[in-house]
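Accompanying notes for the structure given below.
Proteins get letters first, then strands, A, B, ... in listed order; numbering begins at 1 in each.
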2 protein chains.
Amino acid sequence: MTTEPGHVTPRSTRPRPTMRDVAALAGVGVKTVSRVVNGEPNVSSATAAKVRAAAARLDFEPDLHAGNLRRRDGRTRTLGLVVSSVANPFAGQVHRGIERVAAAHGYAVLAVSVEDDPDAEVRAVTELARRRVDGFVVTPVRDDQSYLAVHVDRGTPVVCVDREPTGLEADRVVSSHVDGARAAVRHLVAHGHRRVAFLGDVESVQTARLRRDGYAAAMAAAGLDVDPRLVVPGLPDEASATAAVHRLLALPDPPTAIFSARNTVTLGVVRALQQAGREREIACVGFDDVEAGDLVVPGLTAVVQDTDGLGRRAAELLFARLDGDAGPCRRVVVPTSLVARGSGEIRGPAR
Amino acid sequence: MTTEPGHVTPRSTRPRPTMRDVAALAGVGVKTVSRVVNGEPNVSSATAAKVRAAAARLDFEPDLHAGNLRRRDGRTRTLGLVVSSVANPFAGQVHRGIERVAAAHGYAVLAVSVEDDPDAEVRAVTELARRRVDGFVVTPVRDDQSYLAVHVDRGTPVVCVDREPTGLEADRVVSSHVDGARAAVRHLVAHGHRRVAFLGDVESVQTARLRRDGYAAAMAAAGLDVDPRLVVPGLPDEASATAAVHRLLALPDPPTAIFSARNTVTLGVVRALQQAGREREIACVGFDDVEAGDLVVPGLTAVVQDTDGLGRRAAELLFARLDGDAGPCRRVVVPTSLVARGSGEIRGPAR
DNA sequence: GTGAAAGCGCTAACAC
DNA sequence: GTGTTAGCGCTTTCAC
């Protein structure tokens, strides 16, 4: 079978109809079509019906962006979201919270992943700005968000979520990281533990530092000295957490409880305890929830974030700004909660 | 403290600069700015430098959509993605696969959740069409996708992912649902099981039916009769799956192995087995992976989908169409793999 | 190399 | 009620 050069079927690609086409078919002026499509008043119902019929017959879809060019408010009805990664379950849930509020306002969400690359954060914002989103929700990754000021000045509001922005006056919505961590440690102490270890994420991440602060505060409040050998920050992944736990267990006086400050770290901790066969002796509370955390034995006690609430509140703040709220910047703290499922209730040594 | 009406600080909202502003500041014509911004030839490097300086000073960002109005290819460099929910980890991973390919092509992704609402699927596509996305990736929810044909005819390609479209000729990328399910059951049979139960999702979902087909095929191939009491489709959530397992265990001759056809169902199954204290006797293989699936005891044996691959292939097909590929529709099947972690390797009764 | 004029699809302002 | 004109920010065409 041969294919002759001239015979390539060109995609029929019949041009998209415009308001002009609809107007011509309905026998009215363009402005009348515009009025009908936008539900404006001053159109007789007979004319409106004709226009709607013509629009339906042509499968007319108004071009939102073309309209925005001249429209007074120039709204694209689109929000820009910058997150670590859309594949990250935490980010996905925040995204969902935002989307729900956005949809209620007739808005769509344009999400861009930055994979914890500081430069990608700026690129993402630039790309969103070129598309003229009406507002930004940003999870800060770089250590300076001042580059966002231009957009705020031009009337495109910015709300930061999960982490606080630096060098930028902007609304922000964060979980109570310090309080959550403190509650976790207090819970362990209340169950009789005095040697509580801290395993955390790399500390270039703001939230990692805050959770460590919470740990330190709770230990101090309980009048317990912190053995520096039990504090292990800077764990980038699951495997390093597993290794760290094995080192802790080999200590002459190992910890009797572990506070793990992050999802992936928690997975590594549990693995290590299981490998050592000590998951029923050493207590463990993790920050962030783990799917199937209640199926592990013992069930994983966790400090869970209200991800949906984070997204919802962020979107609400953004829409308030879009509605003209010019008040001072707000800082919303969304509470975390401790879910006890077994691993955190293992009792420490009797005094 | 009183606030006088006239004193409300209006958000300074200084208007966004346009090419005209840049041209004026640089002392050149608008077209020259256009040429510089778009990297077109025929501009002296001296002029280009002047323009770039002016653009930087004003923080000029070209309006992508305004340009598209007149531009020959009219590309918005934006893809529309319609998924069940952005909070669904499966969808998030597919999204990520798409985004990675899109980013490499300079594209952004506009994602809309439909929460399994058939009408929301159409609304989502309409909203995306109004924003003039260059192509669609859709996870079909409704039982008819013919409404998408208009877009294809107008040159906006559509690729379906995860589920096959109905009433529409379009490229599609799906996991090997039947083969995956068959492999799971074959695995159980190979470990000595003859009474293998099937627990599945509501069958309005296409993939649920396919996985059941795979189960039936594997049982038939092994020469095993299927006891209809062991086949329980239509489980909407975790709790119903738990209840179903308890009923199965109460049977005079209960199953010795369970094939669970969906993530949430698997969680319910494991819970039931743990409650009954029989998680080490009754084998279980689940379709879809579960986070922390290897921390449960015994580890969860699962049929895992290549979510990233699904997204990547879908995006690749879409870009091929955007690049002018007018060939016949393609159907890409992404293989699943079976990950053995313990629960699926529990041996059945000796013959 | 450069710029003026026209026009993309739509809405604002003002006519009738 | 309805249509006409201008113009949004940009690219095209084409003249210089």
Side-chain angles (χ1 to χ4, degrees), chain A residues 14-52 54-55 58-77 129-134 154-156, chain B residues 14-52 54-55 58-77 129-134 154-156:
Chain A
R14 91 187 107 217
R16 202 184 289 280
T18 73
M19 276 198 179
R20 275 246 287 269
D21 302 323
V22 178
L25 181 61
V28 299
V30 210
K31 180 62 210 179
T32 302
V33 177
S34 170
R35 276 191 265 257
V36 174
V37 167
N38 295 297
E40 286 171 34
N42 296 330
V43 181
S44 76
S45 56
T47 317
K50 264 196 311 187
V51 170
R52 264 189 280 271
L58 296 178
D59 274 309
F60 170 73
E61 286 292 357
D63 184 323
L64 186 57
H65 296 296
N68 286 127
L69 227 41
R70 196 74 174 73
R71 201 193 306 274
R72 200 34 163 280
D73 68 6
R75 297 279 171 88
T76 55
R77 300 196 155 271
R130 285 198 202 306
R131 288 172 177 80
R132 295 294 185 263
V133 294
D134 296 341
R154 285 180 187 154
T156 310
Chain B
R14 93 189 104 217
R16 203 183 287 281
T18 73
M19 275 198 179
R20 275 248 285 268
D21 302 321
V22 177
L25 181 61
V28 300
V30 205
K31 180 60 215 183
T32 301
V33 176
S34 170
R35 275 191 266 256
V36 174
V37 167
N38 296 297
E40 287 170 33
N42 296 330
V43 182
S44 75
S45 56
T47 316
K50 267 196 308 189
V51 170
R52 261 189 281 271
L58 297 177
D59 275 308
F60 170 73
E61 284 293 356
D63 184 324
L64 187 56
H65 296 296
N68 287 126
L69 226 42
R70 197 73 173 75
R71 201 194 306 273
R72 199 39 161 277
D73 67 7
R75 297 279 171 87
T76 57
R77 300 195 154 272
R130 284 196 199 310
R131 289 174 176 77
R132 296 292 186 264
V133 295
D134 297 340
R154 286 181 185 152
T156 309

Mind checking the CZ-OG1 spacing from Arg52(A) to Thr47(A)? Nearest 0.5 Å is all I need. 10.5 Å
Roughly how far, to the nearest 0.5 Å, is the CZ atom of Arg130(A) from the OG1 atom of Thr76(B)? 14.0 Å
Quick one: is dT2(C) close enough that its OP1 or OP2 comes under 4.0 Å of any side-chain N or O from Ser44(B)? yes
Output the rounded distance in Å from CZ (Arg20(B)) to C1' (dA5(C)). 13 Å
For Arg130(A) and dC10(D), what is the distance between atoms CZ and P respectively, to the nearest whole Å? 11 Å
With a 4.5 Å limit on heavy-atom distance, are the side chains of Asp63(A) and Leu69(B) in contact? yes
Check this one for me: any side-chain N or O of Thr47(B) less than 4.0 Å away from OP1 or OP2 of dG1(C)? no
Contacts to DNA chain C from residues 26-35 of chain B, heavy-atom cutoff under 4.0 Å, which residues? Val28(B), Gly29(B), Lys31(B), Thr32(B), Arg35(B)
Is there a side-chain contact between Val37(A) and Met19(A) in this structure, where contact means two heavy atoms from C-beta onward sitting under 4.5 Å apart? yes
Rounded to whole Å, CG of Asn38(B) lies from C1' of dG1(C) at a distance of 17 Å
Lys50(B) vs Ser44(B) side-chain heavy atoms within contact, under 4.5 Å: no
Rounded interatomic separation in angstrom, taking CZ from Arg131(B) and P from dC10(C): 15 Å
Got a second to check how far Leu64(B)'s CG is from Arg75(B)'s CZ, nearest 0.5 Å? 12.5 Å
Please determine if a side-chain N or O atom of Arg72(B) lies less than 4.0 Å away from the OP1 or OP2 oxygen of dT13(D). yes
Check the distance between dG3(C)'s C1' and Glu40(B)'s CD and give it to me in whole angstrom. 14 Å
Would you mind reading off the distance between Met19(A) atom CE and dA12(C) atom C1', rounded to a whole angstrom? 13 Å
Please name the pair of heavy atoms, one in Pro17(B) and one in Asp59(B), separated by the smallest distance, quoted to 0.1 Å. CG-O, 4.2 Å
Side chains of Arg131(A) and Arg77(B) in contact at under 4.5 Å (non-hydrogen atoms): yes
Could you check whether any side-chain heavy atom of Arg16(A) comes within less than 4.5 Å of a side-chain heavy atom of Thr156(B), counting everything from C-beta outward? yes
For Ala55(A) and Val22(A), which heavy atoms make the closest approach, and how far apart are they? N-CG1, 3.8 Å
Is any side-chain heavy atom of Asn38(A) closer than 4.5 Å to one of Ser34(A)? yes
Rounded distance (Å) that lies between atom P of dT12(D) and atom CG of Asn42(B): 14 Å
Between the two end axes of the helix from dG1(C)-dC16(D) to dC16(C)-dG1(D), each built from 5 base pairs, what angle do you get to the nearest 10°? 40°
Give the residues of residues 59-71 of chain A touching DNA chain C, defined as any heavy atom closer than 4.0 Å, sorted by residue number. Phe60(A), Pro62(A), Asp63(A), Ala66(A), Gly67(A), Leu69(A), Arg70(A), Arg71(A)
